[in-house]
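All values below were derived from every heavy atom in this structure, side-chain atoms included, with hydrogens, water molecules and symmetry-related copies excluded. Proteins get letters first, then strands, A, B, ... in listed order; numbering begins at 1 in each.
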Amino acid sequence: MSENKAPKLDFIRTIVATDIANDKNDSRLVTRFPPEPNGYLHIGHAKSICLNFGLAEEYEQGVCHLRFDDTNPAKEDTEYAEAIKEDVKWLGFDWGDNLFYASDYFDQLYDYAVQLIEMGKAYVCSLNAEEVREHRGTLTEPGKDSPYRDRTVAENLQLFTAMKNGEHEEGSHVLRAKIDMASPNMNMRDPAIYRIRKLDHHRTGDKWCIYPMYDFTHCLSDATERITHSLCTLEFADHRPLYDWFLDVLQTRDHPQQIEFSRLNLTYTVMSKRKLMQLVQENMVNGWDDPRMLTISGLRKRGYTPASIRDFCKIIGISKRDSSTDMGILENCIRNDLNPIAPRRMGVLKPLKIVITNYPEDQEDEIICKNHPKDEGMGTRTVTFGRDIWIDRDDFMEDPPKKFFRLGPGREVRLRFAYLVTCDEYIKDENGEVVELRCTYDPESRGGSAPDGRKVKGTIQWVSVKHGLDCEVRLYDRLFKSENPEEDKDVDFKENLNPDSLQVLTNCKIEPSIANTKVDEQIQLERVGFFCLEARTSTPDSIVLNRTVTLRDNWAGKQGTKTPKMNKK
RNA sequence: UGGGGCGUAGUUCAACGGUAGAGCACAAGGUUUUGAUCCUUGGCGUUGUAGGUUCGAAUCCUACCGCCCCAGCCA
């Protein structure tokens, strides 16, 4: 933890610190996280959550609201809102009493709209959607005024009321702000502020058939909640003049400051809700919480901890540059978090049987194993050793290179915490595949060190054939095979899906103590990676493990021969 | 070709007029009964380009170049 290091403030924190020092907003600090409940939260939202809630935590007077931006009944649902609350909580943040919905403000927003009309700053436009588009002009040409732009206040009021009362069809009218059709900023060309939608809203039911637009709703919700700093992503920078316009014209008591920062991009994945939704709906993944998804719920299922995600958000920082963060950084964060706290266990993913020929048939050994190599406080456990042992297939090579520190014909290796064994022969089946090793052990090497002091470089994990448990292990890899799946506009991003992103191993062997692992508890399988229980599928009788992340493997990189890992570059 | 935003090591970010730094990545050592962890050490940049102001510029000015965003009755 770098808590004590000189805190380098990002540009937003610098602004906030300055504002507080200058007693702006009476030194209040109120931020908000404003998700639309139309999908699940992902790691990009985590960045925003950590910024908004994190900032509030950094100041004694700081407060962060959770506000649902639920102004579009066609897309939103309570299911999403509930999932979002759970995710924010899980990340470790607390909105206290400050849970709001933009829909809570519908009455007030309606009044504001009426005020705008009365001021002559808004009008009901009866152009259809296509006509509106034609009147809007282009990036380089100014728009044309709507023929309805000069309706009288009385007429506008009457029409708007009729809209509210459901007397008009969807699409027949829209309430627009009267600003400037020639503005170089498209957002200022008389933007729509209310549209007719004869749809039930997940919270207000059938009370409304007109719904306010984002630009109108957001700034006024912020002002109503007395938000001081309204943080959003870069694409809203062009909306800021409009944000300010509404608040200025309506002379709200408070005028929050909108500040934009760049959104998070990660290599080997996609971040847009629309695309994530597509993966879910087309069954390319198993739901929003598929461990390969970079959703909060997916990461949770994968075994990521809230602390690791918060650490990640801290490390990547805040700026206004378009950037793409290496997936390896995220992985590094979870390794760092888990390494000191995850108890070590032994497991074999691809079992290969070895028979220790000079070990008595019915003999057993109770081997004491440390739960953590550096933390004595984590205690020990006992694992039973016997004549028949599983080791990992990858830990044997028929014709190993010199620097292969594991098993090969005539080579000696240490079975972790147990004995030194030497491979005398290997047995192949009719397909030429190695199916069993015959080894001899050094009875004097109990615990793993030789009495004569000879050095044995390699140590491998093992599981007793008699005592080990069967287990299913799910290995996850990056969801996409290309660093930027969206790079080529002519290629559907789904073409870049990694076909091997999920590998299910059903014949794994694990030491019995793993049966006691609890949901939400991470373990490290030594030399393999960090794992957690597959909460939905795993039972004490039929264990299923999810691999959170591999251990770092410098050797694989040097060899260039092993299967690529997510962190390989 | 209108408007807005952004260009600093491989990457993510600092430095806000005074010899360009950090994390991650990378490389080389050491420790190690996990090829993990941990500890040392190392290099990495014509600060997008070209001018200008200044004793001094990543920082200020000018021009140019490149990338991103905006023409939903989405957020």
By side chain to side chain donor-acceptor pair (under 3.5 Å) - contacts of [X] (at least two apart):
X        : result
A:Glu170 : none
A:Asp244 : A:His255
A:Ser126 : A:Arg151, A:His173

Can you name the residues that form a side-chain contact (heavy atoms from CB on, under 4.5 Å) with [X], not counting sequence neighbours?
X        : value
A:Ala81  : A:Pro37, A:Phe68
A:Arg13  : A:Leu9, A:Asp10, A:Leu51, A:Leu55, A:Glu58
A:Phe405 : A:Lys403, A:Lys457
A:Asn72  : A:Glu36, A:Ala74, A:Lys75, A:Glu76, A:Arg195

Check your understanding: Among B:rU34, B:rU12, B:rA25, which nucleotide sits nearest the side chain of A:Ile316?
Key -> B:rU12
Check your understanding: Quick one: on RNA chain B, does A:Ile315 or A:Arg416 contact a more 5' nucleotide (nearest heavy atom)?
Key ->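 Looking at the nearest nucleotide for each, A:Ile315 comes out on the 5' side.
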Point to revise | 5' priority, RNA chain B, between A:Val174 and A:Ile460 [closest heavy atom] | key: A:Ile460
Show each protein N/O and nucleotides 14-18 of chain B N/O combination with a separation under 3.5 Å, one pair to a line.
from   : atom 1 : to       : atom 2 : distance (Å)
B:rA14 : OP1    : A:Ile318 : O      : 3.0

Exercise for review: Please name all residues satisfying salt bridge (Lys or Arg N to Asp or Glu O under 4.0 Å) with A:Asp488, sequence neighbours left out, ordered by chain then number.
Suggested key: none
Point to revise | Base-paired stems in RNA chain B, each at least three Watson-Crick or G-U pairs under 3.5 Å | key: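 So the stems come out as B:2-7 with B:65-70, B:10-13 with B:21-24, B:26-30 with B:38-42, B:48-52 with B:60-64.
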With 3.5 Å as the limit, what N/O pairs link the protein to nucleotides 63-69 of chain B?
from   : atom 1 : to       : atom 2 : distance (Å)
B:rC68 : O4'    : A:Asp322 : OD2    : 3.4

Check your understanding: Which of residues 180-198 of chain A sit near RNA chain B, with a heavy atom under 4.0 Å from it?
Key -> A:Pro184, A:Met186, A:Ala192, A:Arg195, A:Arg197
